[in-house]
Amino acid sequence: MHDIKAIRENPEAFDAGLARRGAAPMSSEVLKLDEARRAKILAAETAQSDQKKAAKEVGAAKAKGDEAEFERLRALVGEKKAEVAAMQTEAKELDAQLNDLLMGLPNRLHDDVPDGADEDDNVEVRHWGTPREFTFAPKEHYELSGVQPGMDFETAAKLSGSRFVVLSKGVARVHRALAQMMLDTHVEEHELQETWTPVLVREEMMYGTGQLPKFGEDSYKTEDGWWLVPTAEVTLTNIVNGETVEEAALPLRYCAHTQCFRSEAGSAGRDTSGMLRQHQFEKVEMVSIVHPENSMEEHDRMTRCAEAILEKLGLPYRTVVLCSGDMGFGMIKTHDLEVWLPGQNKYREISSVSVAGDFQARRMNARFKPAAGGKPEFVHTLNGSGLAVGRALIAVLENGQQEDGSVTLPAALHPYLGGKTKLSAEGALV
């Protein structure tokens with residue numbers, strides 16, 4: 001959501017921001033609606049003033065016994081009342097049109113975001129670890145003999161269709177261990193507040209974080225009107241929906257482990273093998289609600305929280321800043337963490353850490369009360385994966401694979417697996 005006052009004051013800057021995303025200029029259309037809305041509001045207020053004035057004169061005419069003037073003024077009051085109601089209705093309709101238009105326009109980009117057309121123009125800012133040199137041709141996760149007994153796509157297809165999986169045995173335990181390790185690290189070392197939230201939300205919550213109105217096809221809606229969350233960003237961020245918090249309470253830092261649901265609309269034919277792109281998956285999500293002056297510093301902090309998980313697992317990764325052509329709709333700056341997958345011989349995204357500025361806060365009407373006094377201000381919101389659990393499982397399996405199909409597991413997971421250190425070639429934890 002955008003600040004209409006800022007668009008009025010500098011429409012050229014607003015259009016320049018859209019141009020960086022490859023979008024057409026919209027300030028003229030926005031301001032035309034805004035002007036019509038404000039004119040209708042002013043006309044309604046003028047008519048209402050005339051109505052009140054005439055209403056007072058009605059009583060005076062009655063007192064004087066001037067029946068003709070009394071009837072004229074009474075008719076005028078009725079006309080003005082109907083006129084006010086009609087103008088207020090038109091003003092509300094114009095306001096709704098303006099709101100819908102602004103809701104569909106992407107967030108401005110931070111000045112630090114590099115210009116570019118697509119993911120090929122993203123800029124690496126650092127990398128960690130060195131990809132392992134194999135003495136054999138590494139396989140993808142679902143091809144490993146130690147993984148196959150515990151990763152069943154055929155049964156999942158029978159139960160639910162394509163892009164689902166049934167995990168069992170040692171693989172399921174490793175998957176669960178990853179989520180618990182991530183949560184414990186974020187809570188104990190990164191001082192995030194562990195939170196458990198619903199996976200069904202009201203429609204206005206999806207509007208609040210920007211999944212609606214433009215991206216409804218990417219998520220699932222129930223017949224009762226609830227939406228299944230595509231990520232816990234929706235629930236965690238909307239904790240402050242409609243709230244005004246004290247400045248001293250900031251920052252608010254949350255994390256949650258949830259099921260996530262995405263339709264993957266438009267991704268037909270992409271990553272159809274294995275667990276990389278599923279309709280149902282798990283993530284440990286991080287969300288921060290901060291003072292506007294601290295949002296970029298918090299962005300770097302959250303990025304480090306996600307990187308720390310990969311480093312604990314000993315997984316080589318690189319961190320990139322997304323270019324203008326690859327940015328998400330509601331974000332002003334994003335870091336992607338890409339983990340090395342030897343089975344694909346490439347880095348693949350495992351986390352996006354983004355700052356939304358006041359974009360989501362305006363949609364949610366989420367504010368803070370300055371300690372020094374004055375009017376409440378919009379908070380800034382941030383979110384990031386810490387991490388996508390299924391993709392972390394893929395990375396652990398592929399990077400730890402051995403020639404016989406077994407998998408050596410990271411030391412950070414051993415305490416969560418009862419001291420077990422390996423997935424055997426037969427799929428057992430040993």
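These values consider heavy atoms only, across backbone and side chains, with no hydrogens, waters or symmetry-generated copies.
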task: Keeping to residues at least two apart or across chains, list the ring-ring contact (aromatic ring centres under 6.0 Å, His included) pairs with something in residues 178-218.
output: H186-H190, F215-F329
- request: Only pairs at least two apart or in different chains count here, so list each side-chain hydrogen bond (donor to acceptor under 3.5 Å, both in side chains) that has a residue in residues 91-107.
  value: none
Atom CD of E124 with >12 non-hydrogen neighbours under 6.0 angstrom: yes
message: Is it true that, when you exclude E29 itself, more than 12 heavy atoms of the residues, nucleotides or ligands shown sit nearer than 6.0 Å to its CD?
response: no
[X] side chain to [Y] main-chain N or O, any donor-acceptor pair under 3.5 Å?
X: S145; Y: A425; result: yes
X: S288; Y: L382; result: no
X: T195; Y: Q193; result: yes
X: D224; Y: W226; result: no
X: Q360; Y: T209; result: yes
X: T185; Y: M181; result: yes
X: D358; Y: A361; result: no
X: S324; Y: G116; result: yes

I want to know whether [X] and [Y] have ring centres closer than 6.0 Å.
X: Y317; Y: H127; result: no
X: F359; Y: H2; result: yes
X: H380; Y: H291; result: no

- request: Apply side chain to side chain contact (heavy atoms under 4.5 Å, CB included) to the pair L310 and L387, showing each step before the final yes or no.
  value: CA-CA 9 Å; L310 291 170; L387 306 161; 3.7 Å; yes
message: Tell me every residue that passes salt bridge (Lys or Arg N to Asp or Glu O under 4.0 Å) with E154, counting only those two or more places apart in sequence or in another chain.
response: none
statement: Hits for salt bridge (Lys or Arg N to Asp or Glu O under 4.0 Å) against E140, two or more places apart or cross-chain, chain-then-number order -> none
message: With salt bridge (charged side-chain N to carboxylate O under 4.0 Å, His left out) as the rule and sequence neighbours excluded, what pairs involving residues 302-313 come up?
response: R126-E307, E189-K312, R304-E307, R304-E311
field: Among E35, E83, E90, salt bridge (Lys or Arg N to Asp or Glu O under 4.0 Å) partner for K40
entry: E90
Does this structure show an ion pair linking [X] with [Y], if we count only N-O contacts that are shorter than 4.0 Å?
X: D218; Y: R262; value: no
X: R253; Y: E298; value: yes
X: K369; Y: E377; value: no
X: E338; Y: R318; value: yes

Residues that E398 engages under side chain to side chain donor-acceptor pair (under 3.5 Å), provided they are two or more places apart: H141
task: Determine whether the side chains of S354 and N383 contain a donor N or O and an acceptor N or O closer than 3.5 Å.
output: no
Side-chain H-bond candidate by donor/acceptor type, Q402 with T408, under 3.5 Å: yes
- request: Quick one: sort the Y142 and F153 rings into parallel, tilted or perpendicular, breaks at 30° and 60°.
  value: perpendicular
statement: Given the options R391, E233, K283, S385 meets side chain to side chain donor-acceptor pair (under 3.5 Å) only with K283
